[in-house]
Chemist: 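Quick one: this structure, given as structure tokens, is what I'll be asking you about.
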Amino acid sequence: METGGTWRCSRAANEPEKPAMAVAMTSLGRLGRPDDLADVVAFLAGPDGRWPTGQNIRANGGVL
């Protein structure tokens with residue numbers, strides 16, 4: 001998930017290749033954004049989400 005603090009931790013700051021590696025692992029070719037996850041939550045909380053029950057929904061952008 002790409003947020004303002006995604007790459008601020010000291011370990012990631014010392015490894016500049018990490019963002020590109022994370023993006024390369026997704027089939028969408030980008031990291032998720034908070035609004036991507038919000039869309040999943042809105043779907044499940046809304047009337048269209050009334051049917052799925054007991055499911056694990058992997059909102060991960062197609063991580064390979």
Side-chain angles (χ1 to χ4, degrees):
M1 185 68 55
E2 185 175 4
T3 66
T6 301
W7 306 112
R8 287 190 192 152
C9 73
S10 59
R11 183 173 173 214
N14 293 326
E15 300 176 77
E17 71 281 0
K18 288 292 184 184
M21 288 173 57
V23 169
M25 291 174 50
T26 68
S27 58
L28 290 178
R30 66 174 178 83
L31 296 178
R33 297 182 299 260
D35 59 312
D36 293 323
L37 191 53
D39 291 341
V40 175
V41 172
F43 167 76
L44 292 172
D48 290 333
R50 68 186 175 277
W51 185 251
T53 58
Q55 302 299 310
N56 291 319
I57 298 176
R58 301 183 68 174
N60 63 11
V63 172
L64 305 172

Chemist: Let me confirm one number: the CG-CG distance from Asn60 to Leu37, rounded to the nearest 0.5 Å.
Modeler: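 Answer rounded to 0.5 Å: 10.5 Å.
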Chemist: Honestly curious: do Ile57 and Phe43 fall in one hydrophobic cluster under the side-chain, below-4.5 Å linking rule?
Modeler: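 Yes, it is one cluster - the side chains of Ile57 and Phe43 are joined through contacts under 4.5 Å.
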Chemist: Just one of Val41, Val40, Asp48 clears the side chain to side chain contact (heavy atoms under 4.5 Å, CB included) bar with Leu44, so which one?
Modeler: Val40
Chemist: Of the non-hydrogen atoms in Leu31 and Ala22, which two are nearest, and what is the gap between them?
Modeler: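 Smallest heavy-atom distance, with atoms named: CD2-CB, 3.8 Å.
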Chemist: List the atom of Gly61, the atom of Ser27, and the distance in Å for their closest heavy-atom pair.
Modeler: O-OG, 3.4 Å
Chemist: For residues Gly29 and Val23, report the shortest heavy-atom separation together with the two atoms involved.
Modeler: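 Gly29 and Val23 have their closest heavy atoms at O-CG1, 3.2 Å.
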